[in-house]
Structures are given as structure tokens and as C-alpha cells.
Number of protein chains: 2
Amino acid sequence: MHNKNVISLNTHKSNCGSDHPVCQACEVRACGMCSELDTDNLHELRKITRLKEYKAGDQIFCDDEPTENYATIKNGIVKLSKILPDGRQQTIGLGFPPDFIGRAFKDKNSSFASALTDVTVCTFPRELFNDYLKATPTLEHKLFELTLNELDSAREWMLMLGRMTALEKVAALLLNFSERLHNARLLQGLESEKNKFELLLTRAEISDFLGLTIETVSRQFSLLKQKNLISIQNQRFIDITDRPALDKLAGHENY
Amino acid sequence: MHNKNVISLNTHKSNCGSDHPVCQACEVRACGMCSELDTDNLHELRKITRLKEYKAGDQIFCDDEPTENYATIKNGIVKLSKILPDGRQQTIGLGFPPDFIGRAFKDKNSSFASALTDVTVCTFPRELFNDYLKATPTLEHKLFELTLNELDSAREWMLMLGRMTALEKVAALLLNFSERLHNARLLQGLESEKNKFELLLTRAEISDFLGLTIETVSRQFSLLKQKNLISIQNQRFIDITDRPALDKLAGHENY
DNA sequence: ATCTTAAATTGACATAGATCAATAATATCG
DNA sequence: CGATATTATTGATCTATGTCAATTTAAGAT
């Protein structure tokens, strides 16, 4: 059922130009970094791209090793994290399709990227891509906009990390996740109910994101259930039953 | 003495081209967003710029009001912050010369900016600047690089906010501040000892930055003094007396 | 189905940092 | 220069979250 929808979307896309077959079939052709490129430029870029797949848990790139590739996320969720010398870890971002991963114009990533779910990405060799980027203002412009969005959300999370209580943090995460998963599903042409979703993160991953411990996260879930703001099936399937209350907890101005 | 140095630097700059007088005298001509522009383009941009001064404490722009202007910081330090509906506040960044402030391509800022010290900025009207930016790839490229740096440092602070202890946070702040003030002074052609600087933030401002309370920050300062890692004169003038130890506390890999 | 393993929950307790309150240092103003 | 206001420090608690440990739940393997 899911696959059928994806295919029909792709079929639809094939009407709109003479893109390379790989790009024609691309889930994020319309919204990713490449969306600003015309067919000719896309053909050019296509020459240096390669599809890559990762299993949930795989490391995609790592802090200290030089970046060989950049990538656009086609499918799945990528976790970006940082780590202190003694091992304390902090998730600093989640990448959903069609986010770009890697640090443009630098040969080092200052973070780790790993696959939270199974992930498919479209990769570009660093040097070539940097050159192409500098030579292609429309592409650079689009990537700049993606980067500005990331900066916005990083700052949003700084407020959360610095000033929210554990309960508020969990509420904010659920809302954020609900939103982004919803968008990702629509992107794939899937049906999607905003308030119902599978929580793809383990409690450990959530606690890394929120700057909390597993136990504290778990207690907040129990609290939210007890207050009837959410219900959970099998510890993974979330149903937001009182979004206004959750919004209020998360500090959203208009709920 | 300080002023003498500034003047001599400006005099020096006047040799290097036919920039508009205002730009010739600009403290950040060589390193800011404009550094990538040749004289012709600079003349073009100059037409829409206006110098603006703020006193310490002044609000520069605010969350909900539409952005009228962007700006490049010429002098002083700008605080960026976010605020929860109930008033809890979190500083999400400090702007030093030659940082850009404002959210390119959007008509809303998602944060507040205020002057931490007396501040001089060079402002650009939003609409005009956005247009000029899109039409001038070298400028956009430079601004993109500045933005990437900001993203890097936002993520650095996320790790700090989420995973560091109060003592570590204060150590990290001191080192960060020492570095940035040092650079800002060199930029102005001033003598600068990296380990000695005036802490321009009040305890309240520091605690907003670190996600702590005033009292906790104060206690950590006392601890650092007691351990002989720093000494403080008049609660404002910091001397880092044991940088390696401070680096270690702040989780810097190589100290 | 049953066994095994991993993940999540819950409880008891410890602690870092918050809160409240008093004092001390510094800056400001007449 | 002294009086007043602001900011920082320090002390005594309190509390949210962390830590450690025991159970429960779910998932996977045979």
C-alpha cells in the first residue's frame, strides 16, 4: 500500500521533464537542494552523485575523519550528534528528507551522523561538490536557505535545552516529531494523521536529544499518559490526544 | 591610546583602493560580509547602507516585529536571545564584529537582539538587501559562510547546554569569550593579551547564556578562583591563570 | 509456544543546581 | 565625599533530575 503510493508519485513526476532516470525517481527532487536546478544543471550534478544506503544504527560520518562526501537525505532519519571527551553525548539535530548533511566548504565535520532508521542518501564527493556549488549560485542559494532553516531550529533547541523542564522538553519533542514525520509522509505521498505516529527513537535516543536520562524521559511519558495528553501503544506508537495542552506545555505561543 | 591605534589602522586602509569614505574607514571592511566585494559592488551596496548606534542595553530588534533592517556589526557586542511565553529567557548567540545580524530571506526574526555594550552597526533595508544578495553570488557566498560558522557555534553550545555541568559551562564561556574578545581587539589594531579581558556580561547575562541562575554562576566563579584557574579584579576583569586546566574542564580535546 | 535478550518502567535514594534570604562589593548620584 | 542603588557573593534550604536497582514489557530466536 505504501509502495504503491510512492510509485504513483514517481510516475507523476516523470511527466515533468527529461531528468536523469535516477533523479526522476528521486523522492526529494521537488523539494531538496536540487529543486532549484534545471534539467541541464541537474544532469551536470548527476554525474558526480551516488546512491548509498545505511541500515538503522550505521554510522554515516564521524567527527574526526575528513569528510569525503556530502549527501541529501532521500529516505529515513539521520541523527547528528556531538560527544564530549569523556563520552557524554548530545544530539544536535535530526535530519529528515530532503535535508543536506555535511559541512559545506570544510574538510572536517564537527559532529557524528548516524542512521536512526534505514536511510537512503544521494552522495556527492566533497571537492567536486564544493567547486560545483561555488559555480552554481542557484544551488548555493538553495543550500543557504536549508542552512538558515537548520540554524533556526538549532536555536529553537537551545531555548529548549537551556530553559525547559523535563516534561516540557518531552512535549516539545513530540510536537516537533509529529510535525516532521507528518511532512515526511506527505512527501512520500502517504496518508498521514498528524497526531498519530510511530516514535522511531528509543528512550536512549530521546534522552540524548533532550539532555536528560532514559529514566527521566520515561517518567515524563508516564506523566503525559496519566494527564491524558497522549496515549502510547507498544511503547512506540504515539497518539496525541490533547494537542492544545501539549502545545501549551511546549511554550507555543498560540495554541 | 586605544583611539590612536584605531586611527592609524584606518589611515593604513585608505591606501588600498577607492572605496567610499565610509567603507574605507570601516572596522570590518577586510573581514566582514563586504570583504568579498570589489570596489564597484561595494559602491552599489553602499547606496543602501546606513550607520546606526546603540547604547548598551538598547533593543536592536525584537521577536514579533517584522525585520526592517539587517546589519553588520562594526563595533561592540550584540546579544541574541529567545524567550518563552512565561518569561524564561535563553541567550542563543553573541554577535561580535564582523557578524551579520538578522534572518536573511525572512520577514520575521525569531529572536531578540540587544546591545550588550555600546554598538555600532551598518544597516541594510531588508527588501533591497535580499534582492541585492540574490543578484550578487559573491556576497551571498560570504554570508553563507558566516551562517555556517554560526551554525557550528550554535551546535557547540547545544552540547554545552545539554551535557555540561555548571562549572564546565562557565569554563567554556570564559574560553570562548577570551578568544572572541582577543580577535575583536586585534581587529581593531589594539594590543591584546588573550588571557586577560574584561568580562562585559553581568552575572545575569552569563546565566541566561549558560542556562543557569545568577547564584550558580557566581559560585562557579568562586570555585575557579579557589582552584587558581582564574583571578578576577572588580568582578569584571578576568585573568586566566591556568588555561590548560580550563581547557580540560571545557572538554577541549587538545589542551 | 517458550526461552532469551533488549528496552522501558517504576521505585528508592542521592545530588547538582534552584530558590529564598542575608550580606558584601561596586557603581552612581547628589 | 557619603548616601543610595545595583550587582555579586555566600549561606541555608528545597526540588527536579540523576543514579542505582528491581521489575515489567516487548521483540526475536529456536
Side-chain angles (χ1 to χ4, degrees), chain A residues 55-57 79 84 86-90 116-118 160-174 198-227 230-239 249, chain B residues 55-57 79 84 86-90 116-118 160-174 177 198-227 230-239 249 251:
Chain A
K55 285 277 159 210
K79 181 180 85 171
L84 249 11
D86 68 355
R88 279 173 288 173
Q89 201 180 342
Q90 176 67 48
L116 211 57
T117 63
D118 290 355
M160 181 222 55
L161 287 171
R163 291 301 183 200
M164 284 188 175
T165 65
L167 188 65
E168 291 167 342
K169 285 179 178 181
V170 171
L173 175 82
L174 287 175
E198 181 179 356
L199 191 61
L200 298 156
L201 311 185
T202 64
R203 297 293 182 270
E205 285 159 342
I206 294 172
S207 60
D208 273 343
F209 205 142
L210 302 181
L212 299 170
T213 58
I214 298 176
E215 295 91 331
T216 300
V217 170
S218 183
R219 281 182 241 274
Q220 311 315 314
F221 272 106
S222 301
L223 246 172
L224 289 174
K225 278 190 288 189
Q226 194 185 302
K227 293 182 169 194
I230 63 171
S231 72
I232 307 184
Q233 300 221 341
N234 281 17
Q235 303 168 333
R236 310 174 55 87
F237 296 93
I238 306 287
D239 187 353
L249 263 180
Chain B
K55 286 275 158 210
K79 180 180 85 170
L84 249 11
D86 68 354
R88 279 173 289 173
Q89 200 179 342
Q90 176 67 47
L116 210 58
T117 62
D118 289 356
M160 181 224 52
L161 287 170
R163 291 301 182 199
M164 283 188 177
T165 65
L167 188 64
E168 292 166 342
K169 284 179 177 182
V170 171
L173 175 82
L174 287 174
F177 220 70
E198 181 179 357
L199 191 61
L200 298 157
L201 311 184
T202 64
R203 297 291 182 271
E205 285 160 341
I206 294 171
S207 60
D208 274 343
F209 204 140
L210 303 181
L212 298 170
T213 58
I214 298 176
E215 295 92 329
T216 300
V217 170
S218 184
R219 281 182 240 274
Q220 311 315 314
F221 273 106
S222 301
L223 245 172
L224 290 174
K225 278 189 287 190
Q226 194 185 302
K227 292 183 170 195
I230 62 171
S231 72
I232 308 184
Q233 301 222 340
N234 281 19
Q235 301 166 335
R236 310 173 56 84
F237 296 92
I238 306 287
D239 186 355
L249 263 180

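Letters A, B, ... mirror the listed sequences (proteins, then strands); counts begin at 1. This is a predicted model, so every value here is computed, not measured.
In this structure, the nucleotide among dG17(C), dT10(D), dT19(D) sitting nearest to the side chain of Ser222(B) is dT10(D). The Arg219(A) side chain lies nearest to dT19(D) when the options are dG17(C), dT19(D), dT19(C). Of the candidates dT9(D), dC20(C), dT17(D), the closest approach to any side-chain atom of Glu215(B) belongs to dC20(C). Considering only the side chain of Asn234(B), dA27(C) comes nearest among dA21(C), dA27(C), dA18(C). Closest contact between the side chain of Thr202(A) and the listed nucleotides dT7(D), dT9(D), dA7(C) involves dA7(C). Listed nucleotides dT9(D), dA8(C), dA18(C) differ in distance to Thr216(B); the shortest reach to its side chain belongs to dA18(C).
The backbone N or O of Asp208(A) sits less than 3.5 Å from a side-chain atom of Gln90(A), completing a donor-acceptor pair. Listed for the Arg163(B) side chain is no donor-acceptor partner under 3.5 Å among the backbone atoms of Arg88(A). Gln220(A) contributes no side-chain N or O that, together with a main-chain N or O of Val217(A), makes up a donor-acceptor pair within less than 3.5 Å. One N or O on the side chain of Asp118(A) and one on the backbone of Ala56(A) form a donor-acceptor pair closer than 3.5 Å.
Rounded to an integer number of Å, the gap from CZ of Phe237(A) to P of dA26(D) is 12 Å. In this structure, the CG atom of Leu223(A) is 10 Å from the P atom of dT10(C), given to the nearest Å. The distance from atom CG of Leu212(A) to atom P of dG18(D) is 5 Å, rounded to the nearest whole Å. Here dT9(C) presents its P atom at 13 Å from CD of Gln226(A), a figure rounded to the nearest Å. Rounded to a whole Å, the CD1 atom of Ile206(B) is 9 Å from the P atom of dT9(D). Between the NZ atom of Lys225(B) and the P atom of dT9(D) there is a distance of 6 Å, given to the nearest Å. Rounded to whole angstrom, the span from the CD1 atom of Ile230(A) across to the P atom of dA8(C) amounts to 14 Å. Taking atom CZ of Arg203(A) as the reference point, atom P of dA26(D) lies 12 Å away to the nearest angstrom.
Taking for each of Leu201(B) and Gln233(A) the nucleotide of DNA chain D with the nearest heavy atom, the 5'-most of the two is the partner of Leu201(B). Taking the nucleotide of DNA chain C with the nearest heavy atom to each of Ile214(A) and Arg163(A), the more 5' of the two is matched to Ile214(A).
Across all strands shown, Thr213(B) has heavy atoms under 4.0 Å from base atoms, whether or not it also approaches the sugar-phosphate. Ser218(B) comes within contact range of at least one nucleobase, with a heavy-atom separation under 4.0 Å.
Residues Ile214(A) and Arg203(A) come closest through the heavy atom pair CG2-CB, 3.8 Å.
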